[in-house]
Amino acid sequence: MRFLPALTRAAAVGVAAILGAATLTACGSDSASSAADNPYNLVQPGVLRAGTLTDAPPNVYLKDGKFTGFDNDLLVAAADKLGLKVEFVGTDFSALLSQVNTRKFDVGSSSITITEARKKTVDFGNGYDFGYFGLDVPAGSALRSFDELPGKRVVVVQGTVQDDYATNKGLDPVRVPDYNGAINQLKAGTADAWIAPAEIGEKTAADSGGKITVAAKELSPAPTAYAFAKGNDALREALNKALDEVIADGTWTRLQEQYYPGRPIPADFTPGSGDVVAPSASVGAAAPSASAAS
């Protein structure tokens with residue numbers, strides 16, 4: 001009888017060990033199941049949460065309450081190849097890259113120009129478009145080129161490649177959080193010029209009722225691409241492959257013609273990995289023309 005408590009304790013330890021092993025096995029099973037259900041490390045399995053802008057047509061914007069534009073429609077087409085639904089969320093460009101890297105968004109979609117500085121915050125997919133800067137000025141302005149900007153009050157959207165350009169040129173630009181802020185500065189006469197993504201600048205001028213004009217255009221230094229959190233290679237590589245698929249099947253060409261009608265594509269620009277060929281657009285390749293880039 002004196003040995004009974006010891007035996008009971010031993011039995012209890014054995015049962016605990018068995019239960020612990022079972023728990024670890026179950027946890028391992030749950031982990032494997034979770035990885036299988038969410039292979040791209042998404043915020044929500046099956047849903048690609050994309051940070052974008054609301055006010056930058058024809059690239060990314062809201063129309064009738066729906067996010068659309070060349071970049072966003074192309075992302076939807078690529079995500080569909082992976083069986084993913086895209087959920088767009090509006091944000092400011094100045095916050096977008098940090099929000100992508102902290103996994104608030106799975107991807108950033110906003111005609112984001114690839115730069116070495118931005119590579120320190122996010123990883124980029126393959127380039128899918130080319131871009132140009134536009135120089136918007138108030139009607140009646142004597143400004144005609146980017147070379148005339150020193151000493152002028154120049155507005156840019158904070159964090160964009162246009163911001164980088166102005167800073168590198170020593171212009172000490174006025175920074176605003178969004179495109180509407182830049183447009184308002186021009187209309188109010190509180191800025192001499194706005195360095196804008198060219199397509200956005202052109203549309204702004206066309207919609208301004210003669211208050212704003214486009215004085216010049218200049219080639220942006222690099223292609224635009226989707227942004228991903230550092231180290232999320234599974235998603236980045238999958239979307240790169242899907243992007244090649246929508247280039248090869250003609251979707252990329254169709255969207256180019258839809259959003260940039262008549263815009264020639266530079267002969268030396270190849271979207272995606274370069275391993276696939278996009279069907280020819282109706283206008284064919286030619287000298288560079290304007291496009292937006294952030």
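Positions are given from 1 along the sequence. No hydrogens, no waters, no symmetry mates; every other heavy atom, side chains included, goes into these values.
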Given side-chain hydrogen bond (donor to acceptor under 3.5 Å, both in side chains), test D163 with T167 step by step and report yes or no. CA-CA 6 Å; D163 185 351; T167 302; 3.3 Å; yes
Given the rule that I, L, V, M, F, W and Y join up when any side-chain heavy atoms are under 4.5 Å apart, are [X] and [Y] in one cluster?
X	Y	result
V277	F269	no
V86	V43	no
I195	V214	no
L255	L82	yes
V47	V107	no

Under a 4.5 Å cut-off applied to non-hydrogen side-chain atoms, are [X] and [Y] in contact?
X	Y	result
N41	L235	no
I114	P223	yes
F133	P197	no
K169	L149	no
D172	V154	no
I112	T224	no
L53	F93	yes
L135	W194	no

Distance in Å, [X] [atom1] paired with [Y] [atom2], rounded so as to fall on 0.5 Å steps:
X	Y	atom1	atom2	result
D178	T160	CG	OG1	11.5 Å
S220	F130	OG	CZ	11.5 Å
L42	D106	CG	CG	4.5 Å
R175	Q162	CZ	CD	12.5 Å
I183	T204	CD1	OG1	3.5 Å
F105	R49	CZ	CZ	6.0 Å

Side-chain donor/acceptor of [X] to backbone N/O of [Y], under 3.5 Å:
X	Y	result
T253	P279	yes
D192	R153	yes
D136	A215	no
S141	P138	no

Is it true that [X] and [Y] make a salt bridge, defined as a side-chain N closer than 4.0 Å to a carboxylate O?
X	Y	answer
K119	D123	no
E202	K217	yes
R254	D249	no

Which pair of heavy atoms, one from [X] and one from [Y], lies closest together, and at what distance?
X	Y	result
G108	L96	CA-CD1, 4.2 Å
A225	G125	CB-O, 3.5 Å
R118	G159	NH2-O, 2.9 Å
A193	V137	CB-CG1, 4.0 Å
T251	A77	CG2-CB, 3.8 Å
A227	L97	CB-CD2, 4.0 Å

Quick one: ring-ring contact (aromatic ring centres under 6.0 Å, His included) pairs with a partner in residues 203-224, sequence neighbours left out? none
CG of D207: more than 12 outside heavy atoms within 6.0 angstrom?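 Enclosed.
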Kindly check if the number of other-residue, nucleotide or ligand heavy atoms within 6.0 Å of NZ (K85) is above 12?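 12 or below, so no.
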The test is side chain to side chain contact (heavy atoms under 4.5 Å, CB included); show your working for V122 and F228 and say whether it passes. CA-CA 6 Å; V122 294; F228 303 86; over 6 Å; no
Pair D92-Q158, side-chain hydrogen bond (donor to acceptor under 3.5 Å, both in side chains): steps then yes or no: CA-CA 9 Å; D92 290 334; Q158 183 176 357; over 6 Å; no
Solution key, residues 65-76 side-chain donor-acceptor pairs under 3.5 Å, sequence neighbours excluded:
from: T68; atom 1: OG1; to: D73; atom 2: OD1; distance (Å): 3.2
from: T68; atom 1: OG1; to: D73; atom 2: OD2; distance (Å): 3.4
from: T68; atom 1: OG1; to: Y259; atom 2: OH; distance (Å): 2.9
from: D71; atom 1: OD1; to: N59; atom 2: ND2; distance (Å): 3.4
from: D71; atom 1: OD1; to: S111; atom 2: OG; distance (Å): 3.0
from: D71; atom 1: OD2; to: S111; atom 2: N; distance (Å): 3.1
from: D71; atom 1: OD2; to: S111; atom 2: OG; distance (Å): 2.9
from: D71; atom 1: OD2; to: Y128; atom 2: OH; distance (Å): 2.4
from: N72; atom 1: OD1; to: T52; atom 2: OG1; distance (Å): 3.4
from: N72; atom 1: OD1; to: S109; atom 2: OG; distance (Å): 2.7
from: N72; atom 1: ND2; to: T52; atom 2: OG1; distance (Å): 3.4
from: N72; atom 1: ND2; to: T68; atom 2: O; distance (Å): 3.2
from: D73; atom 1: OD2; to: Y259; atom 2: OH; distance (Å): 2.5

If we ignore angles and hydrogens, is there a donor and acceptor under 3.5 Å between the side chains of Q256 and R263?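 Yes, because at least one side-chain N or O of Q256 sits under 3.5 Å from a partner of the opposite role on R263.
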Would you check if there is a donor-acceptor pair between the side chains of N101 and T121 at a distance under 3.5 Å?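 T121 vs N101: no donor-acceptor pair found between side chains.
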Ignoring hydrogens and angles, write down the donor-acceptor pairs under 3.5 Å from the side chains of residues 236-243, residues two or more places apart or on other chains.
from: R236; atom 1: NH2; to: D233; atom 2: OD1; distance (Å): 3.1
from: N240; atom 1: OD1; to: N126; atom 2: N; distance (Å): 2.8

Output field: ring centroids Y165/F146 closer than 6.0 Å: yes
I would like to know whether Q185 and V176 meet side chain to side chain contact (heavy atoms under 4.5 Å, CB included); could you show each step before the answer? CA-CA 9 Å; Q185 291 254 354; V176 293; 4.1 Å; yes
